[in-house]
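For the single chain, residues carry numbers from 1 onward in sequence order. Bear in mind that the values here come from a model prediction, so they are computed numbers and not experimental data.
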Amino acid sequence: MNVPKKPRYEYAKQVGRTFLKSLNIKSYPIDPIKIVYLMKWKFEIDDLCGEEGYTFYNPKTKNYCIIIDNAQGIKKQRCKFTIAHEIGHIIMNHYTSFDISSLTDDDFRILDLEADIVAGEILMPYISIRKNLNRNILYLANKFDVSYSAMETRLKFLDLYNLCYKNNSDIMSK
């Protein structure tokens with residue numbers, strides 16, 4: 001199967017939402033490491049020489065192992081996003097649908113964008129964000145334990161940014 005010419009935004013959103021719904025997680029923030037163990041995948045921390053994360057897939061055993069870099073100073077929120085991103089690759093079937101060893105840089109960018117969309121759906125679920133639009137962005141970032149910039153990006157991607165208060169002074173002026 002060939003890598004699509006552009007990211008499948010709607011498909012990735014649906015895959016992420018369906019996957020999260022299947023896990024029946026009702027509380028936030030979501031811990032992607034718990035998802036890894038729930039799915040019976042392996043998880044390791046190792047020196048990846050600058051790569052933030054990587055997933056190994058064994059086609060014989062059909063097992064996955066998500067590895068994140070052990071670099072000091074990486075924020076917990078960034079690690080969570082990296083793990084959720086790797087989960088995105090797995091549930092989008094990137095390792096089983098494409099020959100990873102023969103992908104171009106453009107192919108990787110497309111698949112990475114799809115994995116980012118799934119990561120956003122896992123860590124910052126659309127329905128939960130919609131229920132909290134009367135709050136400011138910092139509140140939402142704290143609720144979902146993501147960075148302010150990740151929440152801001154997610155709100156823009158969902159076309160909800162202008163519906164959300166940017167800070168507490170916005171609330172006071174309304």
Side-chain angles (χ1 to χ4, degrees), residues 1-9 11-13 15-20 22-23 25 27-125 137-138 140-157:
M1 182 172 171
N2 291 329
V3 172
K5 298 291 181 213
K6 60 182 185 173
R8 300 167 292 176
Y9 293 107
Y11 178 65
K13 284 195 299 190
V15 167
R17 290 174 188 176
T18 301
F19 178 73
L20 190 60
S22 75
L23 297 175
I25 295 173
S27 62
Y28 304 98
I30 291 172
D31 182 354
I33 294 175
K34 287 184 182 176
I35 294 172
V36 170
Y37 290 125
L38 184 67
M39 299 305 296
K40 298 185 179 4
W41 300 327
K42 294 182 179 177
F43 177 75
E44 295 178 10
I45 299 171
D46 202 352
D47 183 359
L48 297 180
C49 301
E51 282 287 320
E52 289 185 23
Y54 194 81
T55 299
F56 286 106
Y57 173 63
N58 184 332
K60 290 180 183 174
T61 62
K62 297 187 181 349
N63 287 328
Y64 294 94
C65 180
I66 295 175
I67 305 169
I68 62 166
D69 192 57
N70 65 358
Q72 299 298 314
I74 295 178
K75 294 187 183 277
K76 174 183 82 165
Q77 295 160 332
R78 184 67 207 170
C79 288
K80 284 177 57 175
F81 190 87
T82 299
I83 296 164
H85 171 94
E86 295 303 323
I87 291 170
H89 281 302
I90 294 169
I91 66 174
M92 287 291 293
N93 296 313
H94 290 165
Y95 296 102
T96 57
S97 297
F98 308 110
D99 179 5
I100 299 297
S101 65
S102 67
L103 298 181
T104 66
D105 288 345
D106 286 340
D107 291 339
F108 273 115
R109 275 191 281 284
I110 289 167
L111 298 182
D112 276 343
L113 280 169
E114 290 183 353
D116 283 349
I117 293 163
V118 173
E121 292 293 337
I122 291 171
L123 296 176
M124 301 165 273
I137 296 172
L138 184 58
L140 291 171
N142 288 332
K143 177 179 177 64
F144 296 104
D145 193 24
V146 297
S147 68
Y148 185 94
S149 64
M151 182 54 67
E152 196 172 40
T153 300
R154 179 81 172 130
L155 290 167
K156 288 176 182 175
F157 177 76

Using every non-hydrogen atom in the two residues, find where [X] and [Y] come nearest and quote the distance to one decimal.
X	Y	value
V118	G88	CG1-CA, 3.5 Å
P32	I83	CB-CG2, 3.6 Å
A119	H85	CB-N, 3.6 Å
I100	H94	CD1-O, 3.5 Å
F144	P125	CE2-CD, 3.8 Å
I91	G16	CD1-CA, 4.5 Å

**Study point:** E44/C65 under side chain to side chain contact (heavy atoms under 4.5 Å, CB included): CA gap, chis, key distance, verdict
**Key:** CA-CA 7 Å; E44 295 178 10; C65 180; 3.8 Å; yes
Side chains of [X] and [Y]: does their closest heavy-atom pair fall under 4.5 Å?
X	Y	result
L23	M39	yes
Y57	N63	no
V3	T104	no
D46	D69	no
K42	Y64	no

Short question: side chain of [X], backbone of [Y] - any donor-acceptor pair under 3.5 Å?
X	Y	answer
N93	T96	no
T18	V15	no
N70	I45	no

Please determine whether ring pair (Phe, Tyr, Trp, His ring centres under 6.0 Å) holds for the pair F56 and Y54, giving the CA-CA distance in whole Å, both sets of side-chain angles, and the decisive distance to 0.1 Å.
CA-CA 7 Å; F56 286 106; Y54 194 81; 4.8 Å; yes
Do K80 and D31 sit within salt-bridge range, that is, some charged N less than 4.0 Å from a carboxylate O? no
With rounding to the nearest 0.5 angstrom, report the [atom1] to [atom2] distance, [X] to [Y].
X	Y	atom1	atom2	value
K34	F43	NZ	CZ	13.5 Å
L123	Q77	CG	CD	10.0 Å
I90	Y95	CD1	OH	6.5 Å
W41	I33	CH2	CD1	13.5 Å
I122	L20	CD1	CG	7.0 Å
F19	M92	CZ	CE	13.0 Å

For a quick check under 3.5 Å, do T82 and E52 share a side-chain donor-acceptor pair by atom type? yes
Worked check of side chain to side chain contact (heavy atoms under 4.5 Å, CB included) between K76 and D145: CA-CA 9 Å; K76 174 183 82 165; D145 193 24; 2.9 Å; yes
Around atom CG of N2, are there more than 12 heavy atoms of other residues, nucleotides or ligands at under 6.0 Å? no
Next item on the list: Assess whether side-chain hydrogen bond (donor to acceptor under 3.5 Å, both in side chains) is satisfied between E86 and T55, documenting all intermediate values.
Entry: CA-CA 6 Å; E86 295 303 323; T55 299; 2.6 Å; yes
| Parallel, tilted or perpendicular: rings of F157 and Y9 (30°, 60°) | tilted
Residues pairing under salt bridge (charged side-chain N to carboxylate O under 4.0 Å, His left out) where one sits in residues 100-121, two or more places apart or in two chains, turn out to be R8-E114, R17-E121, D106-R109, E121-R154
